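Presented below is the structure to which this report refers.
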Amino acid sequence: MGATRAPLIQRPEGLYCPGGDFHIDPTQPVDRALITHAHADHARAGHGAVLATRQTLDLMAIRYGEDFTASRQIAEGRMRIGEAEVSFHPAGHILGSAQIAVQAGGPRVTVSGDYARVANPSCAPWEPVPCDIFVTEATFGLPVFHHPDPATETQKLLASVAAFPERAHIVGAYSLGKSQRVMMLLREAGWDGPIYIHGSLERLSAYHIAEGVPLGDLRPATDNSLKKADFAGQIVIAPPSVFESTWAQRFPDPVLAFASGWMSVRARARQRGVELPLVISDHVDWADLTRTITELDPAETWVTHGREDAVIRWCELQGRAARPLHLAGYEDEAE
Amino acid sequence: MRDFAALLERLAFTPQRNAKLRLLAQYFAAVPDPERGLALAALTGDLKLRAVTPSLLRGLVAERVDPELFAISYDFVGDLAETIALIWPDPETPPNDTDLPLPQLVAELQTTGKAGLPGLIAARLDALNPSERYAYLKLATGAMRVGVSARLARAALAEYGGLQLIEIEEIWHGLTPPYLDLFAWVEGGARPEAAALAPFRPVMLSTATDLDALRPLDPADYVAEWKWDGIRVQAVSDQGRRRLYSRTGEDIGAAFPDLLDRLDFEGVIDGELLVRRGDAVGTFGELQQRLNRKTVSKKLLETHPAGLRAYDLLIWQGEDLRALPFAERRARLEAAIASLGDPQIDTSALLDFGDWDGLAALRAAPPDPVIEGVMIKRRDSPYLAGRMKGPWFKWKRDPLVIDAVLLYAQRGHGKRSGYYSDFTFGVWDGNELVPVGKAYFGFTDEELRALDRFVRGNTIERFGPVRAVKPVKVVEVAFEGLNRSGRHKSGVAMRFPRISRIRDDKPAAEADRIETLRALLPAEAP
């Protein structure tokens, strides 16, 4: 790295590249933003210009309206921004998600955004991007996080539907990404009946279908022609915030499930008042996170949003250079 | 082990009793012997295993995980067994995908010596997945904590077999894990012979009544006695074998060796377990200090001596008296108790009353604070198992009530999903409101909807599923008594609190004060 200036620096609004005069996933409006994926804490409205994958731009337009940015550009191949060369690579997190590789004369940096290494049929798989500095998320950066095979978690849900056929099952799942992932898992497990969805999922799910992700028969859960008893034995997917609203009152004696990597820790599941925790995550667990660092073998690892301490400690034990980036504004609760 | 681990996980997150019963019954139906019987024993606390200590587990994990990473993780997870189950590193060569049978795991824990235990546990943790590891560690440490009482587990078995719970409770103490004969019976086979000495007999229970319900009855057909606020027990002594059962058939004798020593007879006595010092009767709170102990200190035996106040006689010197009318049993009881000549075992006095109003007057002014009402029994009633409406009534004293202010609300489950239905309320201590209890019933469905609306419209802070509300809503809380409590900031703990009325007519400033509650506390224990 020597005398060249830092390829990325930390600013209050997020990671900033001086060579290219842009931010990556800034948490406040900036002139030029590169966005890894469309989750709300990474992709905010109001930037001057946004560079992202086509799907991320589409999803941002669905969430924030077509005027979410003054100008937009689809990321394709290697692109030059000022002195920096950047490229986008699949992150395996949600539809359109990308890692961003940046080089501005000095070391090659890969900003992972959020990423996952297990197969996710709703998006392209993560690919390794060789780098000197790897910026990794640490949402599940504790050795207690071990995400089981999502198919076995899906079986738990189906077993519960069989055990309580007179009740509805409401699966709390983040509206972008996790919801569609749960739909795909249900389809793969052979659940080919209708899946009832909360209104906030409609446009996002329709976009997935248009992009070639087959989600099957989705129906609005708020259809007024349906009576309470009609939801017996049915599966409803909704953002977890509905657990606290009166929305859940329309269903018969519902079993509240929650699809999230946090569900492997009992105290977290209890905190959400969940009856059926489903450990389904779109992030790397501890084993995949540490395996990724080992495989990429970067000269330096920067650790951001999540449990930085444990990942830094692990790097120390491995004799790897690492430092925490204390970036504000990323939420891990929504996973 | 997989089925058992899945069951424990599901039970731990299932708050509703009926759903728990369903899950257990489905497990009993799906899982073969002897595994299901061992699971039942694990839940009822009848599985005797060598106790694995937390320090043994800490030692094991320290050999495999960096202490700093473990500390950060434990801090996040908050439970030792859970942290170990989750953090235990997968072995270099992944284990075969075989389901280790629960009977094998139990047998190993029973037979392995102290020196071999750490090696055994480490090998098993290597071979299990995180959810199974958690179940295994809970089994090995003997702390299931899945919110299933022994009684609920037995009730599920009864439900599975279409039996009455009482039928299972009656023979339970003669049976041992893995309960092959019991499962054979609930699935249609022969009833197991209750071969053990000193078995439990189903207890006769009463139904609630009041003055209006009593009026049509002829007082001459009934006797009445005080209802003491202790623990209803059945004291059994059978050829040298002595047991003290709760009314649900739980053997609680280990906590009361002093009373067991006094059961110097052949027979079965139904009575009230009380702390007794001469003629003085201790409060329920004092009795509680003696409960759920594996061993009792000498000091506690001296300061809180146990006694028995006898209500009824089921069996005496080999003769079964249950079919006799109450009046005859009562005469036999008085003679039997007199023959013991033990000041700690006496007979519950019959009350002298002419008509129901006379009884009402007695009930309104009981001679002892540890009386919680009156019992009314038909003179001609045999001793029958269970709670049938009629021969025995309980007429409890009126509940205590206070006006309290709602402070917190928590979301309910199942049919109450989406409603805030569990309430914490407080009273004034100076200018501050201190929480004094929690209640989640007593209100009507309509009142629940109104309370739910109130909570949503008046939330001032959120903590997970709990909301703090603006302290403006006054509710009337009814409760059965008050104990001292070191665990609550207010220093008091209510028994059986429920919300009996919403007091929209009352401003929060006029809610009760802590002094009012403190005045209701029983006198300080010596």
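Just so you know, these numbers come straight off a predicted model, no measurement behind them. Residue numbers start from 1 in every chain, and the chains themselves are labelled A, B, ... in the order their sequence lines are given, proteins ahead of strands. Any value given below was found using the heavy atoms of this structure, including those in side chains, with hydrogens, waters and symmetry copies removed.
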Practice problem: Please flag which part of A:Phe145 lies under 4.5 Å from any non-hydrogen atom of chain B: side chain, backbone, both or neither. | Solution: side chain
Quiz item: What part of A:Arg270 lies closer than 4.5 angstrom to a heavy atom of chain B: side chain, backbone, both or neither?
Solution: both
Practice problem: Name the region of B:Tyr134, side chain, backbone, both or neither, that has any atom closer than 4.5 Å to a heavy atom of chain A. | Solution: side chain
Practice problem: Take B:Tyr420 and A:Glu244 through the side-chain contact (heavy atoms from CB on, under 4.5 Å) test and state the conclusion after the steps. | Solution: CA-CA 9 Å; B:Tyr420 284 85; A:Glu244 289 168 40; 3.9 Å; yes
Quiz item: Once you round to the nearest 0.5 Å, how far does CG of B:Leu69 lie from CZ of A:Arg307?
Solution: 14.0 Å
Quiz prompt | Distance in Å, A:Arg167 CZ paired with B:Arg22 CZ, rounded so as to fall on 0.5 Å steps | solution = 8.0 Å
Exercise. Using non-hydrogen atoms and a 4.5 Å limit, figure out which bit of B:Arg456 sits close to chain A: side chain, backbone, both or neither.
Key: side chain
Quiz item: So which of A:Pro252, A:Ser160, A:Ala248 has the biggest tally of heavy-atom pairs under 4.5 Å with chain B?
Solution: A:Ser160
Self-check item: Check against side-chain contact (heavy atoms from CB on, under 4.5 Å), B:Arg10 and A:Lys156
Solution: CA-CA 10 Å; B:Arg10 191 69 209 263; A:Lys156 263 190 216 169; over 6 Å; no
Quiz item: What part of B:Gln410 is in contact with chain A, defined as an atom under 4.5 angstrom from a non-hydrogen atom: side chain, backbone, both or neither?
Solution: neither
Exercise. Look at B:Pro89, B:Ala12, B:Gly412, B:Gly78 and state which one has the largest set of heavy-atom pairs under 4.5 Å with chain A.
Key: B:Ala12
Practice problem: Please report the closest heavy-atom contact between B:Pro465 and A:Gly273, naming both atoms and the distance. | Solution: CG-N, 4.3 Å
Quiz prompt | Contacting region of A:Val274 [heavy-atom separation from chain B under 4.5 Å] | solution = backbone
Exercise. Please assess B:Asp66 against A:Arg313 for the test salt bridge (charged side-chain N to carboxylate O under 4.0 Å, His left out), listing each intermediate value before the final yes or no.
Key: CA-CA 9 Å; B:Asp66 172 59; A:Arg313 171 65 182 168; 2.7 Å; yes
Quiz item: Does a sphere of radius 6.0 Å around OH in B:Tyr440 hold more than 12 heavy atoms from other residues, nucleotides or ligands, not counting ones at 6.0 Å or beyond?
Solution: no
Practice problem: Please determine, among A:Ala267, A:Pro277, A:Ser264, the option with the most heavy-atom pairs under 4.5 Å with chain B. | Solution: A:Pro277
Quiz item: Heavy-atom distance under 4.5 Å to chain A: side chain of B:Asn129, backbone, both or neither?
Solution: neither
Quiz item: Which residue out of A:Phe251, A:Phe243, A:Phe164 racks up the most heavy-atom pairs below 4.5 Å with chain B?
Solution: A:Phe164
Quiz item: At their closest point, which heavy atom of B:Leu86 faces which heavy atom of A:Val265, and how far apart are they?
Solution: CD1-CG2, 4.2 Å
Quiz item: Looking at A:Val144 and B:Ser73, what are the two nearest heavy atoms and their distance?
Solution: CG1-CB, 3.6 Å
Exercise. Report, as yes or no, whether the 6.0 Å neighbourhood of atom CD on A:Glu295 holds more than 12 heavy atoms from other residues, nucleotides or ligands.
Key: yes
Practice problem: Let me know if A:Val255 has heavy atoms under 4.5 Å from chain B in its side chain, its backbone, both or neither. | Solution: side chain
Self-check item: Any donor-acceptor pair under 3.5 Å from A:Arg266 side chain to B:Phe13 backbone
Solution: no
Exercise. Below 4.5 Å from any heavy atom of chain B, which atoms of A:Trp247 appear? Answer side chain, backbone, both or neither.
Key: neither
Exercise. Examine whether an atom of B:Ala6 lies under 4.5 Å from a heavy atom of chain A, and if so say whether it belongs to the side chain, the backbone or both; otherwise answer neither.
Key: neither
Quiz item: What's the verdict on side-chain contact (heavy atoms from CB on, under 4.5 Å) for B:Gln16 and A:Asp253, showing C-alpha distance, side-chain angles and the deciding distance?
Solution: CA-CA 11 Å; B:Gln16 311 95 313; A:Asp253 194 3; 4.1 Å; yes
Practice problem: Side chain from CB out, backbone as N, CA, C, O: work out which of these in B:Asp452 comes under 4.5 Å of a heavy atom of chain A, or both, or neither. | Solution: side chain
Quiz item: Which distance, rounded to the nearest 0.5 Å, do you find between the OG1 of A:Thr152 and the CZ of B:Arg2?
Solution: 10.0 Å
Exercise. Could you look at B:Ala85 and say if it's the side chain, the backbone, both or neither that has a heavy atom under 4.5 Å from chain A?
Key: neither
Quiz item: Who wins among A:Leu317, A:Leu256, A:Asp309 for the most heavy-atom pairs under 4.5 Å with chain B?
Solution: A:Leu317
Quiz item: Is the CG atom of A:Asn224 crowded by more than 12 outside heavy atoms at less than 6.0 Å?
Solution: no
